[in-house]
Amino acid sequence: MSWKLVLALALIARPAHLGAQTPPSNGTTRLPGRVPAAALPAIDSLIAAAAAESLPTEPLVQKALEGSAKNIPADRLVNGVRRGLLQLRQARAIVSHAVPGQAPPEGHVAAVAAALARGLSGPIVERLITVAPNEPPGPALHAAADLVAHRFDPDSAADLLVEAHNKGLRGVRLLDVAVAADHELQRPGGRTPSEALAHVRAMLPNVPTPARRP
Amino acid sequence: MSPLDPRLQEALDGERDPGDLPLDLRDAYTRLTVATQLLEAPPPVSVASRVMAEIRRGPPPVLNEGLARRLLHWWLGRPRAVTVRLRPVWTLALAAGLATVLLLPWSSGIPTPGVAQGIANFVGHFPGARSVEVVGSFNDWSRGVLHLNDDDGDGIWHGEAVLPAGPHEYMFVVDGERWVPDPLAGRYVDDGFGAGQQNSLLIVRPASAQP
């Protein structure tokens, strides 16, 4: 085997090998050069606080990058990231209450924070998590947020989603429940929200799958 | 070789008048004299010129098509010993290139999504726009990564991308400066910067769950 071949194989193998030794990053290395210098220390501090509390930092990094791309003034940019940190803390409290006695499953806190940002209330979020504590809560929470955004009663929306879960629907299929309810609401002839929900409940678990765009 | 008649030899040497020769010898004398003159005269076209002329004329069309095909079959079908010398590095590179060519999907303009990925479609109606791009959490809110196209100039801009399955916030950036929510997104979320601006929200289904 020639030395060139050995070198090539070593170069191919190198990234995965080194990746295992690289210390975890909280994402702040992506901020310098993109986030205004005036906002960077405060944002770094907020992200460090999240990391110290074992909260996910990626939503905060994304918020900082988003605000910088939109040329948001430094003070509002920092406030936006701070608001994100507060939502993460609130989300962790909700998850801890819904799933007591164990560390919050990976992804739950960020998903709950996103649901809070969409306007779902804490009790509705907690109820939906409690139904399936070990499943990724994102689809159910977004389905609930979709229904609430279309002016369905939050508790009735949660009832429908719990029933859909009990009838075997999981993951993105729960989003189809919300889409079906919205279609029933917009059907010619006019249905009230409660009539639309009742109609979808009657068809569970056989809600249609949307054509292409979710 | 038969000996030359002495009288004919003398006539050829100029020592005897050819008219004194008998008739048969006179005839032989005439033929020999003509031959001698031909040998002494320079050829009208040199040998080299004639060879070059033959070369320029090209190959003669001697083989018909059927025969040529049979000869080709015979030549191709005959087993031959071939020696191939390979450098391992270049062989690996060639194999990697072939694998890339064979594994990449050429029927579509975008790569095939993985298990935890899905295809996102973006469509926007922006008549008169010079450029439209999508900026969002899936590309770290970076500009210049995902451009939409309006090839027919009808003002409808569209594009596709393979994204990780799950929720993504995004906005359209029109003409490089105007940030616009996707009117077809159906889901929106306050961007949290206090001005009431909303991001569009896209939930990408895993490819296995896409219709």
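Just so it is clear: chains get the letters A, B, ... in the order the sequence lines come, proteins before strands, and each one is counted from 1.
Contacts between Glu169(B) and chain A at a heavy-atom distance below 4.5 Å involve the side chain alone, from C-beta outward. Both the backbone and the side chain of Ala195(B) come within contact range of chain A, judged by heavy atoms closer than 4.5 Å. Interface remark: Leu65(A) contributes backbone and side-chain atoms alike to the contact with chain B (heavy atom separation under 4.5 Å).
The side-chain hydrogen bond (donor to acceptor under 3.5 Å, both in side chains) pairs that include a residue from residues 110-121 of chain A are Arg118(A)-His142(A), Arg118(A)-Asp146(A), where partners are two or more places apart or lie in different chains. Within the structure, the side-chain hydrogen bond (donor to acceptor under 3.5 Å, both in side chains) test picks out the following pairs touching residues 67-81 of chain A (sequence neighbours left out): Glu66(A)-Lys70(A), Lys70(A)-Asp191(B), Lys70(A)-Asn199(B), Asn79(A)-Arg82(A).
Between chain B and the residues Ala149(A), Gly67(A), Ala114(A), the largest count of heavy-atom pairs under 4.5 Å involves Gly67(A). When each of Arg173(A), Gln62(A), Arg83(A) is checked for heavy-atom pairs under 4.5 Å with chain B, Gln62(A) comes out on top. Heavy-atom pairs under 4.5 Å with chain B were tallied for Glu58(A), Arg34(A), Arg30(A); the largest tally goes to Arg34(A).
Within residues 128-137 of chain B, the residues having any heavy atom less than 4.5 Å from a heavy atom of chain A are, in residue-number order, Ser137(B). Along residues 140-151 of chain B, the residues that come nearer than 4.5 angstrom to chain A, judged on non-hydrogen atoms, are Asp140(B), Trp141(B), Ser142(B) in order of number.
Pairing each heavy atom of Val172(A) with each of Pro206(B), the nearest pair is CG1-CD, 4.1 Å.
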